[in-house]
Structures are given as C-alpha cells and as structure tokens.
Amino acid sequence: MIRRAAPLAVRAAPLAVRAALLTVLAGLLLATTSPAHATGYRYWSFWDRTGTTWTYATQGPSTAVPSDGDVQGFRFAVSEDSSDATKPRGRASFATICAHTPAQSGRKRVALVIDFGTAADAPSGEKPPARRDACAVVARDATTAEALAAVAKPLRYGTNALLCAISGYPRAGCGEAVTGAKKPATAEKKHDGGPSLGLWAGAAAVLALAAAATWQARRRRHA
C-alpha cells in the first residue's frame, strides 16, 4: 500500500506544531464535506394533553376520537420529526377553555388549543394569527378533525389526510421541506456551507507557525 507523505511544512515542523497543523487540516476536511444545514418540515403537529403535559398524538386528527373533557392541541412550526416537534403554547385547562360552553345531552365537549406558531416558522409573506383556545361541542363519536372543523374552519387537507391549514392558515403549502431548519448557535457567518472564518484563521495561524519552525530549523542546519 502506498502511503502519501505529509506536506513539507508539516514534516519539517516540531512535533507539537505538526500535531496542531494536522488537527486543523482534518477539521477543514470535515467542514468542507459536512452538510451546512439540516432539513425540517413546515406543518401542523397534533398533540394530546394530560394535566399540563403535552404528548405527540399517536393518531391523526381524522382517526382520533377524543372523549368528553379531553384537551387537544395543534401547533404550526418547522420541525425535523416528531421527536423535534414544537409543542403548543398555553396551559389553560378544560375547565377554563369550556367554562362558558354548557354541556349538552348526547354531545361531548373537547377543548382545543390552536397555536399558529411564530413569524420565524411562517411561510414567506404570511403572518401567523394569534394563538387561541376553543371549546368544540360535537357528537359522542366525532373525531378530532370534526371537533376542529366545528370551531376553526376553513380546514385544508393534503394527501394521506395530512392537515395543511387551520382557519385558512397557511394559505398554501403542506408539509414542505425547509432547508436550514436548525439555526446556528452563534451569529458567525458561514460561506456557502464551507468552514467558518474562525477555522480558516486557525489554519492560517498554524501554517504560519509551521513555516517559522521550518525556517528556524534550516538556519540551525546552515549555522
């Protein structure tokens, strides 16, 4: 097997500088081959609530059948998957949400928390409405989708019964991919998905040290 020699500056530099240079070069290689942004999806997520705890629903709203007194929620946001999904805001209880909606014989009341999300998650050109709570009164066998339709029309659905819009929001789109869903932890500017300026600066500094060490080594040999 043929082994490629390290660059001249690396071979001539002292051991400590050599190790640092190789580390930075490895970092540059990883930075230039790694994806710059994660991809998420902009959609309405569906939640069940027990007490004050939100749990991602195991069924879709078109098949889930809530019981009288249940609290369910919807949140519009950009998420990578169900484990990354953003929960609805607001902690109003069933008693609070349905306080002014009297019970009816043969019907059930379902408390719904509808969170339209933030401006950061909104599609281009759209502004999310304010979050609201609603108490739906529906038939005993009604699904969550039917309860939602009773208080938040118009609804819009896509393929596979995917909920695309509540109260007409958003106007278009349905579960579309969003590049750059995860914002960088710092405001450091990136360049076309490549290494940061800090990493390039570190490489330049180590290369300068290696060059200086090489020059000194040559001086000692010719002294």
Side-chain angles (χ1 to χ4, degrees), residues 40-178 181:
Y41 299 90
R42 182 181 287 118
Y43 69 101
W44 279 101
S45 56
F46 173 41
W47 302 78
D48 293 314
R49 195 172 76 186
T50 303
T52 59
T53 302
W54 287 110
T55 304
Y56 200 90
T58 57
Q59 298 184 65
S62 61
T63 58
V65 179
S67 300
D68 181 69
D70 280 354
V71 179
Q72 297 184 307
F74 294 87
R75 173 67 188 263
F76 188 77
V78 175
S79 308
E80 290 186 40
D81 50 40
S82 61
S83 63
D84 177 62
T86 306
K87 298 177 182 180
R89 293 166 294 181
R91 296 186 177 183
S93 64
F94 172 83
T96 300
I97 296 173
C98 291
H100 303 292
T101 304
Q104 298 180 25
S105 178
R107 312 274 285 176
K108 66 182 176 184
R109 292 178 296 169
V110 180
L112 299 173
V113 177
I114 306 171
D115 189 340
F116 295 88
T118 66
D121 289 326
S124 178
E126 297 204 48
K127 180 180 179 181
R131 183 193 65 81
R132 70 187 183 94
D133 302 330
C135 185
V137 181
V138 290
R140 290 283 182 180
D141 60 352
T143 64
T144 301
E146 291 173 310
L148 186 63
V151 296
K153 287 183 178 179
L155 306 180
R156 178 166 55 85
Y157 287 90
T159 57
N160 300 319
L162 178 64
L163 179 61
C164 302
I166 298 177
S167 295
Y169 180 82
R171 293 189 299 269
C174 191
E176 65 272 21
V178 180

Student: Under a 3.5 Å distance rule, please check whether Arg140 uses its side chain to pair with a backbone N or O of Arg107 as donor and acceptor.
Tutor: yes
Student: Keeping Lys108 on the side-chain end and Asp70 on the backbone end, is there a donor-acceptor pair under 3.5 Å?
Tutor: no
Student: Taking atom CZ of Arg91 as the centre, report whether more than 12 heavy atoms of other residues, nucleotides or ligands fall under 6.0 Å from it.
Tutor: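 No, because the 6.0 Å sphere around CZ of Arg91 holds 12 heavy atoms or fewer from other groups.
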Student: Is the backbone N or O of Gly73 less than 3.5 Å from a side-chain atom of Lys87, with the two atoms forming a donor-acceptor pair by type?
Tutor: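 No, the answer is negative, given that no donor and acceptor are paired below the 3.5 Å cut-off.
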Student: Report the distance from atom CG of Asp48 to atom CD of Gln59, rounding to the nearest 0.5 Å.
Tutor: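 Going from CG on Asp48 over to CD on Gln59, the span is 8.5 Å.
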Student: Would you check if Cys174 and Leu162 make a side-chain contact, meaning some heavy-atom pair closer than 4.5 Å?
Tutor: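 A side-chain contact exists here, since the closest heavy-atom pair is under 4.5 Å.
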Student: Sequence neighbours excluded, which residues qualify as side chain to side chain donor-acceptor pair (under 3.5 Å) partners of Thr118?
Tutor: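 Listed in chain order: nothing, the list is empty.
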Student: Does any part of the side chain of Pro61, heavy atoms only, come nearer than 4.5 Å to the side chain of Gln72, both counted from C-beta?
Tutor: no
Student: Looking only at non-hydrogen atoms, find the nearest pair between Phe94 and Ala111 and report the distance.
Tutor: CD1-CB, 3.8 Å
Student: The criterion is ring-ring contact (aromatic ring centres under 6.0 Å, His included); which residues satisfy it with Trp44, sequence neighbours excluded?
Tutor: Phe76, Phe116
Student: Less than 4.5 Å apart, any side-chain heavy atom of Pro123 and any of Arg171?
Tutor: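 They are not in side-chain contact.
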Student: Does Asp81 CG have over 12 foreign heavy atoms under 6.0 Å away?
Tutor: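 Yes.
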Student: Any side-chain heavy-atom pair from Leu112 and Leu148 closer than 4.5 angstrom?
Tutor: yes
Student: Could you give the distance from CG (Asp68) to CD (Gln104), rounded to the nearest 0.5 Å?
Tutor: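 Between atom CG of Asp68 and atom CD of Gln104 there are 11.0 Å.
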Student: Which heavy atom of Ala161 sits nearest a heavy atom of Ser62, and at what distance?
Tutor: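 Heavy atoms only, the tightest pair is CB-OG, 3.8 Å.
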Student: Would you call Arg131 and Asp115 a salt bridge, taking side-chain N to carboxylate O under 4.0 Å as the test?
Tutor: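 A salt bridge is absent here (no side-chain N lies under 4.0 Å from a carboxylate O).
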Student: How long is the span from the CD1 atom in Ile97 to the CZ atom in Arg109, to the nearest 0.5 Å?
Tutor: 11.5 Å
Student: Tell me the closest heavy-atom pair linking Ala122 and Pro128, and the distance in Å.
Tutor: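 Of all heavy-atom pairs spanning Ala122 and Pro128, the closest is CB-CD, 3.9 Å.
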Student: Please find the pair of heavy atoms, one from Tyr169 and one from Lys127, that lie closest to each other, and give the distance.
Tutor: CE1-O, 3.7 Å
Student: Looking at every heavy atom in both Ala165 and Pro170, which two are closest together, and how far apart are they?
Tutor: CB-O, 3.4 Å
Student: Is the shortest heavy-atom distance from the side chain of Ile166 to the side chain of Leu155 under 4.5 Å?
Tutor: yes
Student: What are the two closest non-hydrogen atoms of Ala149 and Lys153, and how far apart are they?
Tutor: O-CG, 2.9 Å
Student: Could you go through the side chain to side chain contact (heavy atoms under 4.5 Å, CB included) check for Glu146 and Val110 one step at a time?
Tutor: CA-CA 11 Å; Glu146 291 173 310; Val110 180; over 6 Å; no
Student: Do Tyr157 and Leu163 come within less than 4.5 Å of each other through their side chains, counting heavy atoms only?
Tutor: yes
Student: Kindly write out the residues that satisfy ring-ring contact (aromatic ring centres under 6.0 Å, His included) with Tyr56, not counting sequence neighbours, or none if the list is empty.
Tutor: Trp47
Student: In Å, rounded to the nearest 0.5 Å, how long is the span from CZ of Arg75 to CZ of Arg89?
Tutor: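 Result: 4.5 Å between the selected atoms.
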Student: If you measure from OG on Ser79 to CG on Asp121, what distance do you get to the nearest 0.5 Å?
Tutor: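 Reported value, rounded in 0.5 Å steps: 7.5 Å.
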